[in-house]
Amino acid sequence: MPVPDADTPPHRYDAALAAAIESRWQDHWEASGAYETPNPAGALSTGRGSSGPKLFVMDMFPYPSGSGLHVGHPLGYIATDVYVRFKRMAGFNVLYTMGFDAFGLPAEEHARQTGQHPRINTEANIDNMRRQLDRLGLGHDKRRGVATTDIDYYRWTQWIFLQIFNSWFDPGERRARPIAELVDEFSSGRRPVPDGRTWEELSEAEQREVVDSHRLAYVADAPVNWCPALGTVLANEEVTNEGRSERGNHEVFKRPLKQWMMRITAYADRLLEDLDLLDWPESVKTMQRNWIGRSEGALISFPATSSAHLEMQPIEVFTTRPDTLFGTTYMVLAPEHPLVDELVADAWPAGVPELWTGGAATPREAVAAYRARAAELSDADRSDSKSGIFLGHDAVVPFTDTRVPVFIADYVLMGYGTGAVMGVPGEDQRDREFAEAYSLPVIRTVEPPPDHPDELAYTGDGPSINSRFLDGLDVEASKVLIIERLTETGFGRSTVNYRMRDWLFSRQRYWGEPIPIVFDDYGPVALPDDMLPLELPELTDWAPRALARDSEPEPPLGRVTEWVGVDLDLGDGPHHYRRELNTMPQWAGSCWYYLRYLDPTNDEALVDPDVESYWMADPDPGGVGGVDLYVGGVEHAVLHLLYARFWHKVLYDLGHVSGLEPFKRLINQGYIQAYAFKDDRGVYVAAEEVEGSLQKGFRHDGQPVTRELGKMGKSLKNSVTPDDMYASYGADTLRLYEMFMGPIDQDRPWETRSVVGSQRVLQRVWRNVVDEETGELRIADEPSDDDLLRLLHRTIDGVRSDMEGMRFNTAIAKLTELNNELTRRGTGAPREVAAVMVRMLAPLVPHFAEELWHRLHGGGADSVMRAEFPAADPALLVEDIIEVPVQVNGKVRGRVRIAADADEDTAVSAALAEPNVAAHVGGRELRKQLYVSGRMITLVV
RNA sequence: GCCCGGAUGGCGGAACUGGCAGACGCAGCGGACUCAAAAUCCGCCGCCCGCGAGGGUGUGAGGGUUCGAAUCCCUCUCCGGGCACCA
C-alpha cells in the first residue's frame, strides 16, 4: 500500500483524492437523478433516458446478508454497470436497477435468536448493503429497486400464485388456460367428465375435486423432506444425495404432509424446446436438459399371477428399451411401490432359493425386514451393491407364457418412471449385476459383436435375437414394431417420461409470502384479488420448538390462533374458513422481480402492459423477448432459472407478458477465489498476515504454512473487503482491477498486491492531463500528429468492440497502451486525444472520468455519461504502408514494409529483397509462394 | 461411470474466422533522477546456444490435416464443474 509522505506531489491521484472525487460525484449524480430511466408512460415516465433503442440489463439480485460484502461479490455488478454505461453512451435507453431477495431463513434464524422481528433485521441489512454498493458507483435507477419483502411487492407475488391456481394446462393446446374455461367445458359436455357421468351428476365435492385436480397449483398429500433441525420441509433439490439438508447439512426425514405443488411438469416439453431459442451458456442449457430428463420409451403391463390366485393387478413398467421385452427374466418393484403389499405372497413357493428370501420365514417378514434396513441406509450406501427380496409371486411376459419372479430391490427408485422395471440382464448392466447376484437367467435379445465380453450386458445396436417377430430387425425398428404390437394387444403404449417432478411449493416458515388460500370443507378456495395483499400476521412467539427426530412438521403461522381460523364473505355469505399456514419458498419472489422493476409503483397491475411490452418485447419477429442481459452465478443454473421460466410461460399463456422467455441472454460471471493458508495443525490462519512466496515458502508468525485456493470467506480467513480497497486505492481502482483480471465468465484468484497496477494506470492517465504539482491542466492545445491520431482511432475501434463483447480486460489493455504512448511522449496529452480517452474510460471508472471531463471542459459541462462514446474514423484505420512477416518453409525469417494494396508478385519480390529472407531462400527455386493480404508472405523452397 | 468446460512465461491473462505466440498488468532484473531511499521515467524479461548478427526450441502429452495449427481432427493425461442404480 503506498504510504503518502511529504514528497508525494499534492495533486497525485491517490486514495485520498479518489475518495474526495468519488463522494463528490456520487452526491451530484444522486441529486440530479442521473440514472433515472424513463418509462414510456406512467409514474416513472420522467428521467434522463435516451430516445434510442431500449436495453434491459439485470444482475441476479442478492440476499441482503448481515455479514457484509467481500471483493468477490460485486464482480458481476461492476461488469453490468460498465456495460450499461457503455450502452448508454452509445445511445441506448437502458433500464438498470437492483433489488433484494429478502425473504428467507437467515432473517428468521436471527429473529429466533434475538426475538427481533425479521423485518427489522432485513431492512437494516438492505440499508447496509445499499450503502456498500453505492460506494462502488453503480448506476442503478433507485426508484425501481424493489425488495421481495415489500408488502406492495408480495401482493403481486400472491396475485401470480392465484393466477396459477386459477389455471389448468390444456394438453391439446399445450398452454395454460383459465380454470373457468375448464368448468365451462365440463358443464357444456364438450369435455367428458373423467368417470363418465355428466357434470350435473357430480356432487359439489366431486366437482371441486375434479377441478382442483387440474389446477397448475394444487394440494397433494406427498412424502416430504422434513428437516427438524431447520424446522422446515425442503424441496427435493434442497436435499443432498446423502439425504441431508443442503443448508447446514442436517438430517432429513420423509414425512407425509399436505403440500402445495406447482405443475411444472406440464411445461416440461416447452421448457426443453425453448432452451434452443436462448442465448445462454451451453453448460446451463445442458444442466436444465438433464434436470428435465426427457426420455422416450414405452409403458408395458405385466400381468401378475401366483399359483394360488388367478389374476392380480398388473405391474406397469417404464422402459426406454421395449425392444428387449423378450429378454425379461425377472421383475423389480421399488420397495415403497404401492403394489408390494398386494403382490407379496403368504408363503414361499416350494423350492425357492434361500438367497431370495433374505432368510425370513415368510415373504411378508422378508419385505418388512428389507424395508426397515433400506430406511436406515443412506441413498449412497444403498447404491453400493445390488440386493433384493423375492415377493413369492410371478409376472407373465406379454406375448409369451413365460413366468418371471417379482422382486423388490432398492436399485429401483419409486421416484422415477412407474417405480417398477422389467429385468433384462442381457441388455442392461444394472439388471445384469442383479441377475448375477440372484442367479437369474440371462437372455440376449440383441446380437452383440463377436468381441463383446460374455459377462457384460450389451447396450449397443445390432439385430434382434430370441425375440420372435422382432428377430433380425435393428434396435430402432424393433422398438417401432414392438410398440405397435403392444398397442394393438393393450399390453402397452409409447410414452414420454421425465425425470423432473412437480415443484413442491410449501414451506413451514414464517418469513415468506403467505399463500392467499383458505379452506372450506371441500378444499382450497382462492382469496379474491381485492383481498390482496394478504399480510403476514405479527408473530411474537419466536421460541424454538423441540425439534426432535420424530417431530411432525409445524408451520409457525399455526401459532397465531386468531389468524388460523377466519370468517369471510367470499360472495356467498359469511362462512368460516381455515387459512393456509404454509408460506411460499424463497424462489417465489425471485421468479418475477424483473417484471416489477419495470413498473414498481403500479398498484393496478403487476406491470402496465405498455410498459411491459416496451421493455420486454423482442424487436425481432419470432424473438423470445425478455431481459436483454442477465448476469449471475452458475449456482442458479437450474432452480431459479427454471422456476422463473415456468412462471413466465404461465403468465405468457394467460396474456400478462409479451414474450416466451424471461431472460434472452444469460452470462454466468466467474468467481473470485482467494488464497488461504493452513498451519501444520490444519487450522486456517489470517491470509493477510502471511508472508513469503511460492519459491521461498509461506510463513505465518514465523511458522511455515501451506497455500490453497478457495472461496473467499470467513471460514478460510481470506476475505478482502471493498472497504479495504476503497481505503487503499478508491472505488475506481477496484472497479478497474476487477474488470482487468480476466474474462467475465472465468474464475480468477484475487491478488491484492496486483491492484496497485490498476491504480498506476489511472495515475499515469491523470498525469497526462493534470500537473501533479500545481493541479493545473497540462494538456497540449495543438492538434496531435498523424501517428498518434491513427493509434487513437485504432484504440477507439478496438475498445468499442471489446466493450460491446464485454471483453473489458482487453479494452483496458488497449486504453493502457494508448496512455503509455502519451506517457512516452512526455508532453501532456493533446486536448482532443485526452477528451476521447476520458470518454472511453467513463464506463470503467466513472468518477475519475467525470472529474477529468469537467476539468477539461469547465464547470458547466454536462456529465461525461451524456457524451457519446467515441467512434473511430474509418479513414484513420487503414494504413498505406504495412509491415508483413515473411515465412520461409514455415518459419518467420523477416518482415517487409509494403503498400497495403500490394499484389502477390510485388509482395514476394519485396520479401526476396529482405537480406535474411534471401539468405534462407539461398538462391533455391521457389516451389510455392503465397500472400495472404496484409497478413503473411509465405515462401516454400 | 456419463455429460459439459479447461490446460499458453514465475503469476493473472492476450492472440477476433487457421496467418508475427506471450498484448496489458503483477513479480523480477538493469539504468536515469536522488546524499540516500521511496515515488517517477527509460529499458530488459519463455527456455537453450551465441560477444553479436542470429540460430534452435516452445502453447498439458502423442499423432494427423495444412504452405502455415495455441486455434481444426484423432488418441491420451491432468484439473474444474454438473449429473449419477433415471430403467
Side-chain angles (χ1 to χ4, degrees), chain A residues 2-5 7-9 12 241 281-287 289-291 293 295 297 317-321 324 332 379-380 382-386 409-413 415-424 427-431 433-434 497-499 634-635 637-638 693-695 736-737 740-743 745-751 753-758 760-761 763-764 767 772 798 801-802 805 807 809-817 820 823-824 826 883-895 915-916 919 927-930 932-940:
Chain A
V3 181
D5 60 39
D7 294 342
T8 303
R12 169 156 298 179
N241 287 331
E282 204 49 47
S283 61
V284 175
K285 292 189 190 183
T286 302
M287 279 189 255
R289 289 189 187 108
N290 291 343
W291 183 263
S295 63
V317 305
F318 170 76
T319 177
T320 55
R321 293 292 304 275
T324 66
V332 187
D379 287 356
R382 284 167 62 167
S383 71
D384 282 352
S385 63
K386 296 279 179 293
D410 50 28
Y411 85 93
V412 173
L413 310 174
Y416 186 80
T418 61
V421 303
M422 55 187 209
V424 187
E427 316 304 320
D428 183 292
Q429 188 53 32
R430 294 158 304 181
D431 293 347
E433 286 163 23
F434 188 81
N497 189 58
Y498 301 91
R499 200 189 78 109
V634 71
E635 71 271 21
V638 176
S693 66
L694 202 54
Q695 287 78 32
L736 192 68
Y737 175 66
F740 182 64
M741 289 168 82
D745 56 355
Q746 195 170 305
D747 294 350
R748 75 261 343 241
W750 178 264
E751 216 174 6
R753 71 171 184 180
S754 293
V755 182
V756 70
S758 295
R760 290 206 278 246
V761 169
Q763 284 176 335
R764 284 200 295 272
R767 251 194 305 275
E772 288 189 323
S801 71
D802 284 350
R807 294 183 298 269
N809 53 332
T810 52
I812 293 165
K814 291 179 175 95
L815 286 163
T816 306
E817 279 184 87
N820 286 351
T823 302
R824 245 186 309 276
E883 193 178 80
V884 182
V886 184
Q887 274 187 358
V888 182
N889 287 354
K891 292 197 174 14
V892 175
R893 297 300 183 182
R895 295 159 224 290
N916 198 44
R927 271 212 299 143
K928 195 161 195 168
Q929 62 179 55
L930 212 74
V932 181
S933 186
R935 288 284 193 182
M936 177 77 70
I937 301 164
T938 301
L939 304 175
V940 183

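So that the names make sense, note that chain A is the first sequence line, chain B the second, and so on, each numbered from 1.
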Pair of N/O donor and acceptor under 3.5 Å linking B:rC85 base with A:Lys386 side chain: yes
Any N/O donor-acceptor pair, A:Ser283 side-chain to B:rG81 base, under 3.5 Å: no
Is [X] close enough to [N] that one of its side-chain N or O atoms is under 4.0 Å from OP1 or OP2 there?
X        : N      : value
A:Arg499 : B:rA84 : yes
A:Arg935 : B:rC67 : no
A:Asn809 : B:rA14 : yes
A:Arg767 : B:rA39 : no
A:Asn290 : B:rC4  : no
A:Arg12  : B:rU40 : no
A:Arg748 : B:rG6  : no
A:Asn820 : B:rG25 : yes

Could you tell me whether [X] contacts a base, only the sugar-phosphate backbone, or nothing, with contacts defined as non-hydrogen atoms closer than 4.0 Å?
X        : result
A:Pro281 : nothing
A:Val932 : base
A:Lys891 : sugar-phosphate
A:Arg807 : nothing

Set of residues satisfying side chain to side chain contact (heavy atoms under 4.5 Å, CB included) with respect to A:Pro281, sequence neighbours excluded: A:Ser283, A:Val284, A:Leu666, A:Asn668
Side chain to side chain contact (heavy atoms under 4.5 Å, CB included) involving A:Thr810 - partner list, sequence neighbours excluded: A:Asp802, A:Arg807, A:Lys814
Any strand: nucleotide that pairs with [N] via Watson-Crick or wobble, under 3.5 Å:
N      : answer
B:rC26 : B:rG10
B:rC47 : B:rG56
B:rG80 : B:rC4

A:Arg935, CZ atom: more than 12 neighbouring heavy atoms under 6.0 Å: no
A:Tyr411 six-ring face occupied by A:Lys386 cation (under 6.0 Å, within 45°): yes
RNA chain B: 5'-proximal contact among A:Thr823 and A:Gln746 (nearest heavy atom): A:Gln746
Parallel, tilted or perpendicular: rings of A:Tyr737 and A:Trp750 (30°, 60°): perpendicular
d(NZ, A:Lys814; C1', B:rA23) in whole Å: 9 Å
